[in-house]
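Here is the structure we will look at, set down as structure tokens.
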Number of protein chains: 2
Amino acid sequence: MTASQVHRIAPCSGCAIELEAGDELVVMDPMGQQVSDLTAFAREDLAEYLSSGRSIDYAAKLWLTSGDTLYSNRSRPMFTIVDDTCGRHDFTLTPCSKEMFEKLYGEAEGRPGCEGNLASALAPYGIGRDRIPVAFNIFMNVTFDPQSGAVAVLPPLSKAGDHIRLRAEMPLVVAMTACSAGQSNNFSYKPIDFRIERAAAG
Amino acid sequence: MTASQVHRIAPCSGCAIELEAGDELVVMDPMGQQVSDLTAFAREDLAEYLSSGRSIDYAAKLWLTSGDTLYSNRSRPMFTIVDDTCGRHDFTLTPCSKEMFEKLYGEAEGRPGCEGNLASALAPYGIGRDRIPVAFNIFMNVTFDPQSGAVAVLPPLSKAGDHIRLRAEMPLVVAMTACSAGQSNNFSYKPIDFRIERAAAG
């Protein structure tokens with residue numbers, strides 16, 4: 001691994017990066033209680049994408065953490081979670097969006113949200129808003145009532161400095177955000193930091 | 001509403017139908033304990049599809065039933081659940097697939113599964129396997145441990161004759177199956193029945 005620079009995703013924004021197989025992406029919550037929605041596409045064929053449903057099915061659990069694999073819709077490993085100091089992430093909800101802000105938050109003109117920010121970051125790859133799937137919502141704390149199935153979005157369990165380390169298992173385009181939804185981050189719209197540790201010296 | 005014919009989906013197969021806004025689709029479990037994976041696309045623009053993440057977010061619950069709305073990725077209502085005699089369906093797992101049968105069931109050469117059967121049914125619309133999202137898995141009984149997040153696929157709660165009635169809220173292409181996964185249907189690979197009640201006399 002080579003030394004790596006820390007990049008900051010400004011509050012309520014997103015970015016896209018490229019990874020090679022073996023590269024490690026470390027996503028960090030610099031101040032605590034912030035969420036990063038992450039999605040990924042196979043660079044060899046952008047029709048292959050990170051699949052919540054496949055990943056949950058193969059792990060046989062909703063909440064993935066160290067040692068678990070994130071799968072594509074084609075059932076191929078995209079990431080391995082190598083390390084995770086938080087331990088709670090969501091993989092059931094779509095990224096916040098303009099329409100979601102209008103419906104759930106009563107905003108007259110919704111902000112782009114993570115969906116819009118992911119789509120903007122992925123626009124150079126020709127990936128539009130319709131192709132943003134259920135994301136891997138890092139640090140997002142969603143609970144379920146086992147009797148009623150009621151969903152609650154609670155403040156993240158992440159503390160300042162918590163991180164999750166993901167190893168790319170194939171060449172990937174990855175997009176991620178600093179989340180724009182108040183309920184997800186305890187109304188504390190903060191940045192997200194990340195760094196990339198390249199498998200090959202660059 | 002006009003009188004309607006009952007159609008049968010043979011075990012381990014799928015089909016596609018078209019609905020107009022206002023049409024009602026009644027999906028029935030004729031023998032009990034069988035699952036039907038259902039997905040849908042907007043006929044006006046097939047890039048708009050039934051979204052688990054949006055539907056769960058807006059309903060604030062995992063398990064949707066009478067009175068709930070199924071939303072598209074564009075946050076528009078696709079279906080309203082008008083009636084539901086079973087009350088338990090899943091909206092978290094991707095349809096069973098060739099690769100899933102190989103990974104989870106140890107089949108040397110996996111069967112097409114619901115994913116392949118949905119894709120075959122949707123092939124005339126140019127919708128391939130990569131575009132089959134997390135489906136609305138009618139009668140599928142998936143539970144979650146609230147502490148660990150562990151997922152269990154249990155025998156369906158549906159009894160012979162149970163049904164769910166879905167009203168189309170826009171013109172739709174709908175694909176559905178009689179599920180091929182043993183764990184989903186208590187290893188009882190059975191058919192699924194449906195009928196369409198047209199809003200306009202045909």
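Below, chain A is the first sequence line, B the second, and so on; all start at residue 1.
By number of non-hydrogen pairs under 4.5 angstrom with chain B, the leading residue of A:Ala60, A:Ala135, A:Ala59, A:Gly128 is A:Ala60. Ranked by heavy-atom pairs shorter than 4.5 Å toward chain B, the options A:Ala152, A:Ala150, A:Ser52 are led by A:Ala150. The residue among B:Asp45, B:Val134, B:Leu104 with the most heavy atom pairs within less than 4.5 Å of chain A is B:Leu104.
No side-chain heavy atom of B:Ser75 sits less than 4.5 Å from a side-chain heavy atom of A:Lys98. A:Thr94 is listed as a side-chain neighbour of B:Ser51, based on a closest heavy-atom distance under 4.5 Å. The side-chain heavy atoms of B:Tyr71 and A:Glu99, taken from C-beta on, include no pair separated by under 4.5 Å. No side-chain heavy atom of B:Asp145 sits less than 4.5 Å from a side-chain heavy atom of A:Pro146. Looking only at side-chain heavy atoms (C-beta outward), B:Ser148 and A:Lys61 stay at 4.5 Å or farther from each other.
Of the atoms belonging to A:Tyr49, it is side-chain heavy atoms, and not backbone ones, that fall under 4.5 Å from chain B. Neither the backbone nor the side chain of A:Leu64 comes within less than 4.5 Å of any heavy atom in chain B. For A:Leu93, the parts lying under 4.5 angstrom from a heavy atom of chain B are both the backbone and the side chain.
Listed here is the closest heavy atom pair of A:Ile56 and B:Thr92: CD1-O, 4.4 Å. Summarising the geometry of A:Arg54 relative to B:Pro95, their closest heavy-atom pair is NH2-O, 2.8 Å, with the distance given to 0.1 Å.
For the atom pair CD (A:Gln183) and CG (B:Asp57), the distance works out to 8.0 Å, reported to the nearest 0.5 Å. A:Leu62 contributes atom CG, which lies 7.0 Å from atom CG of B:Leu62 (distance to the nearest 0.5 angstrom).
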| said: Set out, in order, the CA-CA distance, both residues' side-chain angles and the distance that settles side-chain contact (heavy atoms from CB on, under 4.5 Å) for A:Met100 and B:Tyr58, then state yes or no. | reply: CA-CA 8 Å; A:Met100 179 271 213; B:Tyr58 292 142; 3.5 Å; yes
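Electrostatic pairing of A:Glu115 and B:Arg74 does not count as a salt bridge here, judged by no charged N lying under 4.0 Å from a carboxylate O.
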